[in-house]
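Given the structure is predicted, the values throughout are model-derived calculations rather than measurements. To find a chain, count down the sequence lines: A is the first, B the second, and so on, and within it residues start at 1.
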Amino acid sequence: MTTDNNPPQDTNQIIEERRGKLAELRQNGVAFPNDFRRKDLAGDLQIRYGARVKEELESTPVNVTVAGRMMLKRVMGKASFATIQDSGGRIQLYVSNDDTGEAVHSAFKHYDVGDILGAKGVLFKTKTGELSVRVSELRLLTKALRPLPEKFHGLTDQEQRYRQRYVDLIVNEDTRRVFEVRSKAIQAIREFLVNRGYLEVETPMMQPIPGGAAARPFITHHNALDMQLYLRIAPELYLKRLVVGGLEKVFEINRNFRNEGISTRHNPEFTMLEFYEAYQDYQYLMTLTETMLRDVAQKVLGTTRVPYQGHEIDLSQPFPRLTAVQAIQKYNQGYTDAMLANREAVIDTLKRLEASYKPKDSLGGLQLSLFEATTETALIQPTFIVDYPAEASPLARRSDSRPEITERFELYIAGREIANGFSELNDPEDQAARFMEQVKQKDAGDHEAMHYDADYVRALEYGLPPTAGEGIGIDRLVMLLTDSPSIRDVILFPQMRGV
RNA sequence: GGGUCGAUAGCUCAGUCGGUAGAGCAGCGGACUUUUAAUCCGUUGGUCGGGAGUUCGAGCCUCCCUCGACCUACCA
């Protein structure tokens, strides 16, 4: 019953009927009680008592107190069954006139699927062998006004699954599993690094100068300081300041924000691991990365052979380390050394492939564009691509033997970039020059070019020890570990267009 | 940004050639004391995403808009 003073409520017959049931509950006492204490989880009971035979449960009764959401309900006159679900699994309740009295059982008949119940009773096995609770006390703890999706098909509409994740989590066990794996994977990474002496830190999400990556930032404003701030695109420059400060092994797992397109592989906010270790180089990082990914997969999935979208990703073997040119030649026909070393030939090929590239790039940059156009998606099994051109890597250390390239790698798995690491540039004068070059590109209209960060250069002038640093995209790693085709499947509340 | 496909009951989906809006589940009423997506009988429930147009008549045809999925582009 709404009046003009009430906000409009979207409603239907089912919700109206349930509101009526709730109104009745309010009249009979506390409609939303919070004095019921659960003692047992369904999953634990299944593990501990699921294997016991009928007679054991009868001779030594096990009293339990369970609570959860009613997912299935089967009423048969003077006795009923219900299946409740809690965070650890499901268990069946048996409610009968004999055990609870007719009044409680009659009330139960009007409970709805989706309601949250608390029950006390003893464990027993039904004649089909299902572990169940013979309920002696039953309470409705929370009335659900909205009906759950259909019990067999569940919720399949992608939009509703993303927008109403709470419903998705209630009815889709796979969704719950994805986010359990995500949590465990992050936990495993944290343990891996902490066990190696790393210190976990938190650095600014709001930065006066957005740095550490080539990307368009979100802009915001601080009123009291009357100051423009950017949501960070990467923590990199702050983490290296910490290494300057003597925190020789640091890592951060946190959100980055990039004001760019949304796709099955891109969300405006995403979670990144970045870690830095003094007195190491990029070769060390590649080995460490292999070890870490193996360790995480083993801990989380119990295997290092990970099924992904019809492929089996094998993390157990050393990952090949190829230059972009070597990878092009390995995965494509007809690219000779001479052709790939010829600037004009590479540009002709890029044009023929209608690939994007910057005409004023060095040969290395053009080769990289050709790699991205021809080879990237073919790198299903883990592969390191090494030796990136300096112009594309303004924060990476130059190779001593070939100053036009940097000691940098990217790790590709399932055709996507998963990690990016390098020996850090710790020469403050080279860094200043490279920032200047970025500023020149920004002035020329490149929105993704970096800002000049004078304080960062000043930090380098105090001396950054030789250091190796890496970033790993957590969401993409979790996609891999959960066989998820879209990044939205591994982010609880992915960004959606406003309704 | 470009392309393809989609939106019908709370959920999962049908809807033929343009001719009164359908099913299953859920709900409501009834039967049923070991069910397993319980079963059986009866029954309520619709702004066919929104708007305009064509037509005697539009869920269906045309146009515009909104939202989504996928592919593609930029990127991690």
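Among the heavy atoms of the strands, none lies under 4.0 Å from A:Arg90. If you check every strand for non-hydrogen atoms under 4.0 Å, A:Val171 touches nothing. Nucleic acid contact for A:Glu130: base, since at least one base atom lies under 4.0 Å from a heavy atom of the residue. If you check every strand for non-hydrogen atoms under 4.0 Å, A:Arg258 touches a base. A:Asn259 comes within 4.0 angstrom of no nucleic acid atom, judged by non-hydrogen atoms across all strands. Note on A:Lys21: only backbone sugar-phosphate atoms sit closer than 4.0 angstrom, heavy atoms only; bases stay farther off. Using a 4.0 Å heavy-atom distance criterion, A:Ser263 is classed as a base contact. Counting any heavy atom pair closer than 4.0 Å across all strands shown, A:Asp98 reaches a base atom. Contacts of A:Tyr162 with the nucleic acid, taken as non-hydrogen atoms under 4.0 Å apart, involve only primed sugar atoms and P, OP1 or OP2.
Using N1 to N3 plus N6-O4 or O6-N4 for Watson-Crick, or N1-O2 and O6-N3 for G-U wobble, each under 3.5 Å, B:A21 pairs with nothing. Pairing of B:U16, defined by two Watson-Crick or G-U wobble distances under 3.5 Å, is not identified with any nucleotide. Remark: B:U39 base-pairs with B:A31; criterion is Watson-Crick or G-U wobble with both hydrogen-bond distances under 3.5 Å. The pairing partner recorded for B:U55 is none, the criterion being a Watson-Crick or G-U wobble arrangement whose two distances lie under 3.5 angstrom. Taking a pair to require two hydrogen-bonding distances under 3.5 Å in either a Watson-Crick or a G-U wobble arrangement, B:C74 remains unpaired. Across all strands shown, B:A7 forms a Watson-Crick or G-U wobble pair, both distances under 3.5 Å, with B:U66. When both pairing distances are held under 3.5 Å, B:G45 makes no Watson-Crick or G-U pair with any nucleotide shown.
With 3.5 Å as the limit, one finds a donor-acceptor pair spanning the side chains of A:Ser96 and A:Asp99. A side-chain N or O of A:Arg232 and one of A:Thr203 form a donor-acceptor pair less than 3.5 Å apart. There is no side-chain donor-acceptor pair under 3.5 Å between A:Glu372 and A:Tyr357. Between A:Ser484 and A:Arg182, the side chains place no donor N or O within less than 3.5 Å of an acceptor N or O (distance only, hydrogens not considered).
With rounding to whole Å, A:Asp489 atom CG is found 12 Å from B:C70 atom C1'. Atom pair A:Asn172:CG and B:C11:C1' shows a separation of 12 Å (rounding to whole Å applied). If you measure from atom CG of A:Asp168 to atom P of B:C11, you get 14 Å, rounded to the nearest angstrom. Atom P of nucleotide B:A26 and atom CE of A:Met70 are separated by 12 Å, given to the nearest angstrom. One atom, CD1 of A:Ile14, and another, P of B:U12, lie 13 Å apart when rounded to the nearest Å. B:C25 atom C1' lies 12 Å from atom CG of A:Leu148, rounded to whole Å. Note: CG (A:Asn97) to C1' (B:A31) measures 15 Å, nearest angstrom. Rounded to whole angstrom, the span from the CD atom of A:Glu376 across to the P atom of B:U72 amounts to 12 Å.
Of the residues A:Glu159, A:Gln158, A:Arg165, the one that meets the side chain to side chain donor-acceptor pair (under 3.5 Å) test with A:Tyr162 is A:Gln158.
For the P atoms, the distance from B:G50 to B:G59 is 11 Å, rounded to whole Å. Across B:U16 and B:U72, the matching P atoms stand 33 Å from one another, rounded to whole Å. To the nearest whole angstrom, the two C1' atoms, one in B:A9 and one in B:U43, are 15 Å apart. A gap of 27 Å separates the C1' atoms of B:G6 and B:G19, to the nearest Å. Comparing the C1' positions of B:U8 and B:C60 gives an interatomic distance of 11 Å, to the nearest angstrom. Nucleotides B:G3 and B:C56 have their P atoms positioned 35 Å apart, rounded to a whole Å. A gap of 43 Å separates the P atoms of B:C5 and B:C41, to the nearest Å. Distance check on atom P: B:G15 versus B:G22 gives 15 Å, rounded to whole Å.
Checked against B:C74, B:U33, B:C67, the side chain of A:Glu159 finds its nearest nucleotide in B:C67. Comparing B:U34, B:C32, B:A38 against the side chain of A:Arg134 picks out B:U34 as the nearest. Considering only the side chain of A:Met496, B:G68 comes nearest among B:C28, B:G68, B:A37. Nearest to the side chain of A:Arg163, among B:G68, B:U12, B:C32, sits B:G68. Distance from the side chain of A:Asp157 is smallest to B:U12 among B:C70, B:U12, B:C11. Side chain of A:Glu150, nearest nucleotide from B:C25, B:A73, B:A38: B:C25. Residue A:Phe81 places its side chain closer to B:U34 than to any other of B:U33, B:U34, B:C25. Checking B:U35, B:C11, B:A69 against every side-chain atom of A:Arg74, the shortest atom distance belongs to B:U35. When each of B:C70, B:A37, B:U12 is scored by its nearest atom to the side-chain atoms of A:His153, the top-ranked nucleotide is B:U12. Checking B:C11, B:G27, B:C74 against the side-chain heavy atoms of A:Leu155 singles out B:C11 as nearest.
Comparing A:Ala355 and A:Gly154, the nucleotide of RNA chain B nearest to each residue sits closer to the 5' end for A:Gly154. Summary of the strand contacts: A:Pro147 and A:Thr83 both lie near RNA chain B, and taking for each the nucleotide with the nearest heavy atom, the more 5' one is attributed to A:Pro147.
Side-chain N/O atoms of A:Lys151 include one lying less than 4.0 angstrom from OP1 or OP2 on B:A38. An OP1 or OP2 oxygen of B:A69 is reached within less than 4.0 angstrom by no side-chain nitrogen or oxygen of A:Ser486. Distances shorter than 4.0 Å separate none of the side-chain N or O atoms of A:Lys109 from OP1 or OP2 on B:A31. OP1 or OP2 of B:U35 has at least one side-chain nitrogen or oxygen of A:Lys127 nearer than 4.0 Å. The side chain of A:Gln160 places an N or O atom within less than 4.0 Å of a non-bridging phosphate oxygen (OP1 or OP2) of B:C11. Side-chain N/O atoms of A:Thr126 include none lying less than 4.0 angstrom from OP1 or OP2 on B:U35. Checking the phosphate oxygens (OP1, OP2) of B:C74, no side-chain nitrogen or oxygen of A:Arg265 falls inside 4.0 Å.
Checked by distance alone, A:Tyr94 brings a side-chain donor or acceptor within 3.5 Å of a matching partner on the base of B:U33.
By the 4.5 Å heavy-atom criterion applied to side chains, A:Met496 and A:Ile262 are not counted as neighbours. With a 4.5 Å cut-off on side-chain heavy atoms, A:Glu470 and A:Tyr282 do not count as touching.
For the pair A:Arg241 and A:Tyr276, the cation-pi test (distance below 6.0 Å, angle within 45°) is failed.
Annotation for A:Lys358: atom NZ does not count as buried by contact number, only 12 or fewer foreign heavy atoms lying within 6.0 Å.
Aromatic ring orientation, A:Tyr111 versus A:Phe108: perpendicular (interplanar angle above 60°, classes split at 30° and 60°).
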